[in-house]
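For reference, positions follow the sequence shown, starting with 1. Read the numbers this way: they start at 1 and go in the same order the structure lists the ligands and their atoms.
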Amino acid sequence: MKFFVDTANLEQIEKAQSLGILDGVTTNPSLMAKEGVKGKEQIFNHYLAICKLVDGPVSAEVFSNDYDGMIEEGETLHALCPEKITIKLPCTENGIKAVKYFASKGYATNCTLVFTLGQALLAAKAGATFVSPFIGRIDDIGGDGIDLIRSIVNMYRTYGFKTQVLAASIRHTNHIVRCLEVGADVATCPLNAIVGLLKHPLTESGLATFNKAAEQMK
Ligand code: E4P
């Protein structure tokens with residue numbers, strides 16, 4: 001399973017990259033706004049800065065909801081760094097049409113805001129590179145986000161779709177572990193959820209014991 005970090009914060013991206021386990025980055029308008037970037041120039045420069053830090057796909061989401069706007073923005077985003085930028089499009093009628101358009105040009109796409117198996121089917125049929133089911137937001141309203149990941153993985157395997165299942169809206173370390181169990185291709189996570197995978201009290205107490213022994217031998 002690949003790891004993407006779900007942030008537009010350059011320090012966090014740098015930290016995730018320095019761990020040596022980072023495969024890509026996802027952003028969205030909320031995450032970009034959090035970094036205080038404003039206006040096209042700053043936004044584009046921010047994406048370029050992210051692309052410089054990461055050796056892998058960087059999802060950049062369109063702001064438009066209409067088809068023509070999505071196409072124009074997607075083309076501009078793609079041109080920023082064609083080998084890394086993945087155009088992120090919402091799973092709406094216009095979004096699906098835009099996924100199809102960009103897929104036919106060979107551009108990478110990420111179909112986002114996916115909450116049902118039917119939406120995931122349309123994303124795959126349109127040729128999306130990634131589909132992003134939001135597991136945390138499903139759990140928030142009393143659903144089972146992991147169950148949706150499992151169903152999409154099974155559906156794509158059964159019908160031979162090439163679209164990669166990118167588990168999004170991950171809230172904690174256990175979500176990552178559950179995504180592994182059900183066969184997600186990618187998990188996009190907050191950095192603390194990734195680092196949380198390292199945490200175990202027996203690792204900590206074991207290390208403390210070894211450190212003490214190492215001190216005695218100095
Ligand atoms: C996915 O690509 C989104 O950026 C993100 O995972 C949404 O997560 P949230 O539900 O924590 O906002």
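Between D140 and R137, no side-chain nitrogen of the basic residue sits less than 4.0 Å from a carboxylate oxygen of the acidic one, so the salt-bridge criterion is not met.
Contact annotation: the side chain of I176 approaches that of M1 to within less than 4.5 Å [non-hydrogen atoms, C-beta and beyond]. Looking only at side-chain heavy atoms (C-beta outward), F3 and L197 come within less than 4.5 Å of each other.
In this structure, T112 has no heavy atom closer than 4.0 Å to ligand 1.
Ligand-side atoms of ligand 1 in range of R171: 9 (P), 10 (O), 11 (O), range being under 4.0 angstrom from any heavy atom. Which parts of ligand 1 touch K88 is read off a 4.0 Å heavy-atom cut-off, strictly below it: atoms 1 (C), 2 (O), 3 (C), 4 (O). Which parts of ligand 1 touch R137 is read off a 4.0 Å heavy-atom cut-off, strictly below it: atoms 7 (C), 9 (P), 10 (O), 12 (O).
Contacts of I43 classified as side chain to side chain contact (heavy atoms under 4.5 Å, CB included), with partners at least two apart in sequence or in another chain: M32, V37, Y47, F63.
Of the protein's non-hydrogen atoms, the one nearest atom 5 (C) of ligand 1 is D6 OD2, 2.9 Å. Protein heavy atom at the shortest distance from atom 7 (C) of ligand 1 is F134 CE2, 3.5 Å. Ranking protein heavy atoms by distance to atom 4 (O) of ligand 1, first place goes to N28 ND2, 2.8 Å.
Taking distance alone, with nitrogen or oxygen atoms compared against 3.5 Å, S169 approaches ligand 1 more closely than that limit.
T129 places no side-chain N or O within donor-acceptor distance of the main-chain N or O of N110, the cut-off being under 3.5 Å.
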Can you list the steps and then say if K212 with E215 is a salt bridge (Lys or Arg N to Asp or Glu O under 4.0 Å)? CA-CA 5 Å; K212 222 177 194 176; E215 274 301 312; over 6 Å; no
